[in-house]
Protein chains: 2
Amino acid sequence: MKKQILLYGVLLGLLIVLLKFFEYKFIIRDYAFEIYAGLIALIFAILGIWLGLKLTRKKEVIVVKEILKEVVKEIVVDKSQPFVLNEKKLTELGLTQREHEILSLIAKGHSNKEIADKLFISLNTIKTHSSRLFEKLGVNRRTQAVQKGKELRIIP
Amino acid sequence: MKKQILLYGVLLGLLIVLLKFFEYKFIIRDYAFEIYAGLIALIFAILGIWLGLKLTRKKEVIVVKEILKEVVKEIVVDKSQPFVLNEKKLTELGLTQREHEILSLIAKGHSNKEIADKLFISLNTIKTHSSRLFEKLGVNRRTQAVQKGKELRIIP
DNA sequence: AAAAGAGTCATACTTTAGGGTGATTTTGTC
DNA sequence: GACAAAATCACCCTAAAGTATGACTCTTTT
């Protein structure tokens, strides 16, 4: 926050210097003040908008205490939608493409049968995929898988 | 958007007039320009921030076409979290307290057995509740119920 | 007091999901 | 071409989930 204010101040100073400089270079003396004011207003309005946009990117801080390692980790999760796939987590978990695909279909409320029909593969295959999927996510029910998937931001 | 720009322009004009007026009233002549610039910058930065904050309040427009009544309704849903219970929908659907409670437990990934244990009631009762719940939501699987529940904002 | 709504429970039955194991086929990589 | 990873499928069995129906108890409303 202090950085922002400092940045604003410095920018304003620079701008004034710049404008004063141009004042002696060109012949825009008559409307100089209005032009300056307009320019400053424009620039700071844009900066303000940018800052405003940045401010709304709410960050949720999840504090995970790993007792075993006696280390306190802070994971900053960007909660400002829309959904951006967390590819790191995806590879970290070792989820394959197919497994990921099936997870999202599960999340959409489809039954295994429906998923099988949709992907033109056997029901058994869906079961194998989902089993492995659950194992990798450390869950044992599809509803939990969906929950975890959303939490880890690997599905929308 | 055009309103915003107009507002900015008018404000800038007013400000300049105001400042010019004060220039002849007080003796702040020496640093007048810097003060003006600073004031303008400040005001427009604040305006920008406000605008930026307003811009990020994404609104999702759901268009519901009621064919029977030949009326097109537009429901504007504010999507800028956090969860606010849509009580209207809740009563509209006729969900009872218990059913709603069970829906949220389902959404948390609990099995029927777990819910039964948690609420100290029989597994069969959970089944009856969930059945009626599904019927009211127009679904036939718990994953779909969770989806719909979130969509209708009756669960977080 | 009767009716209605909500909550509870049971029994019986069907469907879907999940776990375990093993096997075959594709596909991409060295 | 060999190898590994991914994807496919089958079979078996158990566990959950879901459907249908009927019934009992409270509580609130009429």
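Excluded from the calculations below are hydrogen atoms, water molecules and symmetry mates; all remaining heavy atoms, backbone and side chain alike, are included.
Here B:Thr125 reaches the OP1 or OP2 of C:dC9: one of its side-chain N or O atoms lies under 4.0 Å away. Look at B:Asn140 and you won't find any side-chain N or O under 4.0 angstrom from OP1 or OP2 of D:dG18. Distances shorter than 4.0 Å separate none of the side-chain N or O atoms of B:Arg141 from OP1 or OP2 on D:dA17.
Closest heavy-atom contact between A:Thr143 and B:Arg142: CG2-CD, 3.9 Å. For the residue pair A:Ile155 and A:Val146, the shortest heavy atom distance occurs at CD1-O, 3.7 Å.
A donor-acceptor pair under 3.5 Å links the side-chain atoms of A:Ser111 to the main chain of A:Glu114, judged by distance alone.
Each of B:Glu99 and A:Ser130 was matched to the nucleotide of DNA chain C holding its nearest heavy atom; the match closer to the 5' end belongs to B:Glu99. For the pair A:Ile106 and B:Arg132, nearest-nucleotide mapping onto DNA chain C gives the more 5' position to B:Arg132.
In this structure, the nucleotide among D:dG18, D:dT8, C:dG19 sitting nearest to the side chain of A:His129 is D:dT8. The side chain of A:Lys127 approaches C:dG18 more closely than any other nucleotide in the set C:dG7, D:dA17, C:dG18. Considering only the side chain of B:Ser111, D:dA16 comes nearest among D:dA16, C:dA10, C:dT16. Distances from the side chain of A:Thr128 to the nucleotides D:dG18, C:dT21, C:dG18 place C:dT21 closest. Taking the side chain of B:Ile121 as heavy atoms from C-beta on, and the options D:dA7, C:dT8, D:dA10, the nearest nucleotide is C:dT8. Of the candidates C:dG19, C:dC9, D:dT19, the closest approach to any side-chain atom of B:Phe134 belongs to D:dT19. Comparing atom distances between the A:Gln97 side chain and each of C:dT8, C:dA17, D:dA7 picks out D:dA7 as nearest. Residue B:Ser131 has its side chain nearest to D:dG18 when only C:dC9, D:dG18, D:dA7 are considered. For B:Asn112, the side-chain atoms get nearest to D:dA17 when compared with the rest of D:dA6, D:dA10, D:dA17.
Between the P atom of D:dA6 and the NE2 atom of A:His100 lies a distance of 15 Å, rounded to the nearest Å. Between A:Gln144 atom CD and D:dA16 atom P there is a gap of 12 Å when expressed in whole angstrom units. In this structure, B:Phe120 places its CZ atom 18 Å from P of C:dG7, rounding to the nearest Å. Following rounding to the nearest Å, B:Asn124 (CG) and D:dG18 (P) show an atom-to-atom distance of 14 Å. Rounded to an integer number of Å, the gap from NZ of A:Lys113 to P of D:dA17 is 22 Å. In this structure, CD1 of B:Ile115 is placed 12 Å from C1' of D:dA16, rounded to the nearest angstrom. As a whole-Å value, the separation of B:Glu101 CD from C:dA6 P is 15 Å. Between the C1' atom of D:dA6 and the CG atom of A:Leu93 lies a distance of 17 Å, rounded to the nearest Å.
The closest side-chain heavy-atom distance from A:Lys136 to A:Thr96 is below 4.5 Å. Within the 4.5 Å cutoff, side-chain heavy atoms of B:Ile121 are placed close to those of B:Arg98. Residues B:Gln144 and B:Phe134 form no side-chain contact, since every pair of their non-hydrogen atoms from C-beta on lies 4.5 Å or further apart.
Using a 4.0 Å heavy-atom criterion, one finds that A:Thr96 contacts the sugar-phosphate atoms exclusively.
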